[in-house]
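Take a look at the structure set out below.
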Amino acid sequence: MSDPVSALNGASFNGFATIREIGPLGMITLRAKGVKALDKAVKSVTGTKLAAPRRIEINGDRACGWMSPDEYLLVVPYAEVTAALASLAKALAGEHYLAVDVSDARAIFRVEGDKAADVLRKLAPVDFEALEPGELRRTRAAQVAAAMWAEGGGFTVVCFRSVAGYVMGLLTHSAQRGSEL
Amino acid sequence: MSTRLAKGGRLINRTAPVEFTFNGKRLKGFQGDTLAAGLLANDQMLVGRSFKYHRPRGIVASGPEEPNALVNLGSGARLEPNQRTTTTELFDGLESTSQNHWPSLEFDVGVVNNYAARFMPAGFYYKTFIHPRPAWKHLFEPIIRRAAGLGKAPTEGDADRYEQAYAFCDVLVVGAGVAGLKAAKAAADAGKRVILLEQTPVLGGRAPVDDTEVDGKPVDAWIAAVEADLMSRDNVTIRTRTCGFGVYDHGYVLADERVADHTPGDGRPKHRLWRIRTAKIITATGAIERPLSFAGNDIPGVMLAAAVRDYVVNFAVSPGDRTVVVTNNDSAYQTALALKAAGLDVPAILDARETADGPLPQAARAAGIRVLTGKAIAKVKGGKRVSGVAICAQAGEGSVQEEIACEAVAMSGGWSPVVHLWSHCGGKLTWDETLSAFIPDPSRPPLNHDGSAMVEVVGSANGDLTLTGQPVTIPPVWVMPQGAPIQLRSKMWLDYQNDVKVSDVQLASREGYVSVEHTKRYTTLGMATDQGKLSNINGLAVLADSLGQEIPQVGTTTFRPPYTPVTIGALAGESRGEIFQPLRRTPMHEQHEAAGAYFEPVGLWRRPYCFPRAGETHEQAVHREVLNTRQNLGLLDASTLGKIIVKGPDAGRFLDMLYTGVMSTLPIGKCRYGLMCNEQGFLSDDGVVARIDEDTWLCHTTSGGADRIHAWMEDWLQCEWWDWKVYTANVTEQYAQVAVVGPNARKLLQVLGGMDVSKEALPFMQWADGTLAGFPVRVYRISFSGELSYEIAIPASHGAAFWEACTQAGMALGAMPYGTECLHIMRAEKGFIMIGDETDGTVIPQDLGLDWAISKKKTDYLGKRGQERSYLASPDRWKLVGFDTLDGSVVPDGAYIIAEGENGNGQRNVQGRVTSTYHSPTLKRGIAMGLLKHGPSRMGEIVEFNTAAGGTVKARVRDTMFFDKDGEKQNV
Amino acid sequence: MLILECPYCGVKADETELSPGYEAHLKRFGPGASPEEFEAYMFARKNPKGVHFERWRHTYGCGKWFLAARCTATLEVFGTYPAQVSEPPADIIAKIQARRPGWTPDWKAPK
């Protein structure tokens, strides 16, 4: 079997901010609510606590993001997804939940630089000045759904894999030198 | 002649000269000039021709209200028509050309319309071109379209980039004159997040021209101090060259920033559209001076009085050596004084009022200017420029008492507060008798999401015309002189750009137009690109007078965004070219491109329609793909197929409600075809459902349907059956899916190796997990072609590699990729329906003979009650059958099956229509499916389909299974 | 361009992040329902000028459906609340009545 290939194979662009497609990352959609073992189950996979509404808990290359009242995004190294799913299955055995691998359904971008927020201000109806550290914002980037959060001197942007080219086009257009806000 | 003065000009930088062209003429200006200032400095009084009569026109105003001085700016891929010279900043190398004339600005053949003006009254088009009817389309319209219009649309794609951006604040101040600066400072002092927008490049507004001090400080010093103060604050953002042009619900404001209009080609976006969300909007948009209606008020050299002093004070441009001032209020006296101060002559101030004794008139008299009260202009003399004015009594009918030679006329008919932004979201106006103007009515503001007032208006936009708070009285003077006869009234322009005169509005009123909205459309008053900024109030005053009504009774037309025209590039923003809309690509997209695929849109997906080889037409390619798949092996990229996981203790019960059939009884490891209907009973989607484990199902949807069906599931789970324990996940994009189809399909999988795909191990309508060529796969033994077929799902990040592996290993087995058209033909040959072809939102499964997929036992499913409605249960409905054309031809797409007789409109009656029609390469003739009244009971009957050419195609009714009725090819 | 606060995630969502779902608190009528009941369920919509209850989905956010009480004439929003109720909750009714004293509920299922 070949190595997994991300949607754009690591495309990048240097404008007034730097755009990099990263990944593939291991990603799991976990749906559950009111399940006692949930905190423990998540901790066993990400090493973080369960994210509170609109938050993302980051632990190195692992994270738990709140997606909706009954949905979490778990980020783990790509190679560990199968083990993580098994771990969740064990911890949540007998409970009503859904855990599914969505690593390959996503494209992930990093937008970095002092003015990285300016790139996203052109694409999303989000008040980035009011965006708190550790806040995960689900919104749209122009015409497609996206999730974004501030992390390590920039932003991480997640979108669907099929529109990775479109989102790279948006980010490239928005990061052109001379178009700082 | 108009010219540049030797001294002065507060906005120009005399050390930075620039060169520009107008109609090819090389002209000189300074950095800081507007194009209008630059043209006037070069004595270019004549700048365009009017829309209807092609009359010579000059610059009237100094801001966005300018109706006349529109030019083509730039050339080639940077050509922009209808650009206002008064808001265009001059830059080195600017190219401009005048518009709406032929062959030249100086000599325009269209001016013949001017001499025929009395034959082209209001409503001329409506009255003249009605008969004969065909002549409109073929004769009148093309001629009018050529003659009308202003600039020419560019023929090349726009070379520039545009973008949009979102901004958020507590207080948005629109307009950075003194009132706006004060409002911004107050909000900033209160700790609010403030954004201040100013449409020009500089802050301060009119005050530096009109006033000497603000709050006891010299104007320029006050402005500089406030600007420096605001700039120093973290909670204030100032955006110049940015026009807030529209106010929308819940504090949403759109603004157009002209980022690089004055530095074209420097790589920056030309415009940026701001989408601003604010808790509160303060508009400080000022007021616009009104023209006066006197005969010849459109001759080049007749300008607004405030514009004249703008040109003198800001740009050191003289409109001419001698300027006559005509007014009904004191503000125009400032123009006379400014001209005097610049060393220019003001032969007279004509004041329509009987007395004028305020401080400004007194100052004018003291400066030695002749002030004539109770006087009016009977007529402006001149053609392509003003040569003088004839004076009469305002109270009379225009008998000339005196003529004065002059090069310019500075007029002021009072001031109209700019109430547009207040009005966009429903703010109401009140008529102010003292100002003779509409001002915002604070008791009826536009409302915000919490019911509070969304907009506050300050400064002259609110009718507070002076910084000192000194009350201003402006008596109404709507026609000059008041008893002007028709000869004069038909030369008094209200709307310069659309050539609407006082006499046109009066005619409309005589013809029965009583509503201002109707009069506007009939006369085109205020409908030009300036949207009547100068003409609306004068026009409706004339209308009110004609109707014998008060102005507030007549009311205004509706103010709608945008306040000034916004280039479509800014509205489109980034949505151009490659990123015009999201294109969804499968993991194998690049390989398809390399293989020469011809793509078609399926929703936002791009899917290969076919893979033409060198020298092949698309049709030939499709036919080759069908035959090869039926004879050897075809590979289809089926990644776009929707895949939704449904899991939970109530998942089976939920799916039984969603599908017309029963899914809860589906054994683990098996697949079942299912139909979904909406609550009206109409078929909405179909697909194969696989039972994964005890409480997990995987539902395949159509390619275009995944998001819609997932949302549909969530809607029912969240809003109706919220106590059911079911979770869904849309995993469409997690998997690439490859359909391996044809007699050699099993052989290919065996070559790839890794799992048992034999008939026994993996029978039809079952699935299995395993590996193929080392890839982790889930293999579904399902078929949409009637062939031996496997659909293989693989994680998307391995999709390209797996496709490559199939292609390589398939070579020896005759494998070829095939596209959507081949898929369509093969499914039609087998009589399989396609959502969107056989269905159109009015078709129920029973119409398509799919009763077998509808459970008779279930008491309920979505759509069941809808299907019970009498007209859906009627035996007279059109039902699905197949057709063989008698001559083997292909029934045209969209054809109807004609019936006897005609309907009430004289059209042939119909009894059915085609839904799918193809040439079958397998059967070597045309095949079709369609809906036919009583179809299933009419086997063997001959029916006729109409054709676009007017003929018919005869076809025999048959069943829908055209090929391999017994499924021998599939069940191997 | 409305702003509606998603009651699940607290985002003051721009209208472009939402999908409209039309009238709220409809009662489903399935098999066995009379033609009148089914018609009322499928087609009879109030479309009032004034207080109205609507379904919205936070499509570009948490994906959840929520309900909004707002005035169709002034676009004033009285409140938003989760969709898992068959009638507007008491606090929403109180908020409406505070702003529209003459308003009385009328959401009883049409007969």
Side-chain angles (χ1 to χ4, degrees), chain A residues 1-7 9 23-24 27 29-33 70-71 78 82 96-107 118 120-130 141-145 159-170 172-174 176-181, chain B residues 161 163-168 193 259-260 266-269 272 275 277 573-579 581-587 589 604-605 639-640 645-649 695-696 725-736 771 773-776 795-802 804-805:
Chain A
M1 191 175 76
S2 59
D3 289 332
V5 180
S6 69
N9 214 354
M27 286 194 173
T29 287
L30 172 63
R31 296 198 61 179
K33 193 182 180 182
D70 57 9
E71 181 179 337
Y78 188 87
T82 308
H96 171 45
Y97 78 99
L98 168 63
V100 47
D101 180 5
V102 292
S103 315
D104 290 8
R106 307 275 191 266
D118 280 1
L120 301 180
R121 279 191 180 98
K122 299 178 188 181
L123 301 173
V126 171
D127 185 355
F128 283 95
E129 281 168 62
Q143 301 173 54
V144 298
C159 68
F160 283 108
R161 182 186 185 105
S162 68
V163 293
Y166 171 73
V167 171
M168 185 69 196
L170 291 177
T172 302
H173 183 274
S174 301
Q176 292 293 321
R177 282 179 206 280
S179 72
E180 297 89 339
L181 295 179
Chain B
R161 303 193 312 114
E163 65 180 27
Q164 306 192 348
Y166 296 86
F168 296 80
R193 271 169 87 187
V259 180
D266 74 347
R268 294 187 299 163
R272 177 182 294 130
R275 301 170 171 275
R277 187 73 81 162
E574 81 290 338
S575 300
R576 289 172 69 196
E578 272 293 299
I579 52 173
Q581 64 171 181
L583 291 191
R584 300 179 72 182
R585 295 178 171 91
T586 73
H589 190 89
L604 293 174
W605 290 104
S639 307
T640 59
I645 289 176
V646 179
K647 179 173 186 269
D695 63 355
T696 309
K725 289 188 166 165
V726 182
Y727 285 125
T728 68
N730 184 352
V731 295
T732 300
E733 301 206 11
Q734 170 68 15
Y735 299 99
T771 60
F775 293 91
S797 63
H798 298 291
F802 183 72
E804 189 58 31

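Chain letters run A, B, ... following the sequence lines, proteins first, then strands; residues in each count from 1.
Residue A:Val167: no heavy atom, backbone or side chain, is found under 4.5 Å from chain B. With a 4.5 angstrom heavy-atom cutoff, A:Val100 touches chain B only via side-chain atoms. Both the backbone and the side chain of A:Pro125 have a heavy atom closer than 4.5 Å to some heavy atom of chain B. If you measure heavy-atom distances from B:Thr771 to chain A, you find no contacts under 4.5 Å at all. In this structure, chain A has no heavy atom under 4.5 Å from any part of B:Arg277. Using a 4.5 Å cut-off between heavy atoms, B:Arg585 contacts chain A through both its backbone and its side chain. A:Glu180 touches chain B through its backbone: at least one of N, CA, C or O sits under 4.5 Å from a heavy atom, while the side chain does not. Looking at A:Asp118, neither its backbone nor its side chain comes within 4.5 Å of chain B, counting heavy atoms on both sides. With a 4.5 Å cut-off on non-hydrogen atoms, B:Leu583 touches chain A through its backbone but not through its side chain. Only the backbone of B:Val726 comes within less than 4.5 Å of a heavy atom of chain A; no side-chain atom from C-beta onward does. A:Tyr78 touches chain B through its side chain: at least one heavy atom from C-beta onward sits under 4.5 Å away, while N, CA, C and O do not. Of the two parts of A:Ala164, neither the backbone nor the side chain holds a non-hydrogen atom closer than 4.5 Å to a non-hydrogen atom of chain B.
In B:Glu578, the CD atom is not crowded: 12 or fewer heavy atoms of neighbouring residues, nucleotides or ligands sit closer than 6.0 Å.
Atom CZ of B:Arg161 and atom CZ of B:Arg272 lie 9.0 Å apart (nearest 0.5 Å). The distance from atom NE2 of B:His589 to atom CH2 of B:Trp605, rounded to the nearest 0.5 Å, is 11.0 Å.
Applying the side chain to side chain donor-acceptor pair (under 3.5 Å) rule to B:Thr586 yields the partners B:Asp637; only residues at least two apart in sequence or on another chain are considered.
Residues A:Arg31 and B:Ile645 form no side-chain contact, since every pair of their non-hydrogen atoms from C-beta on lies 4.5 Å or further apart. In this structure, the side chains of B:Gln581 and A:Tyr166 stay at 4.5 Å or more apart for every pair of heavy atoms. When side chains are defined from C-beta on, B:Ser575 does not count as touching B:Gln164, because their heavy atoms never get closer than 4.5 Å.
The aromatic rings of B:His798 and B:Phe775 lie perpendicular to each other, with more than 60° between the two planes, well past the 30° mark.
The candidate from A:Ala7, A:Ser174, A:Ala105 with the greatest count of non-hydrogen atom pairs under 4.5 Å with chain B is A:Ala105. Residue with the most contacts toward chain B among A:Gly23, A:Ala124, A:Gly165: A:Ala124 (heavy-atom pairs, distance under 4.5 Å). Of the listed residues (A:Leu170, A:Leu181, A:Val126), the one with the most heavy-atom contacts under 4.5 Å to chain B is A:Leu181.
Here the side chain of A:Lys122 pairs no donor or acceptor atom with the backbone of B:Glu574 at under 3.5 angstrom. Between the side chain of B:Glu733 and the backbone N or O of A:Arg106, no donor-acceptor pair lies under 3.5 Å.
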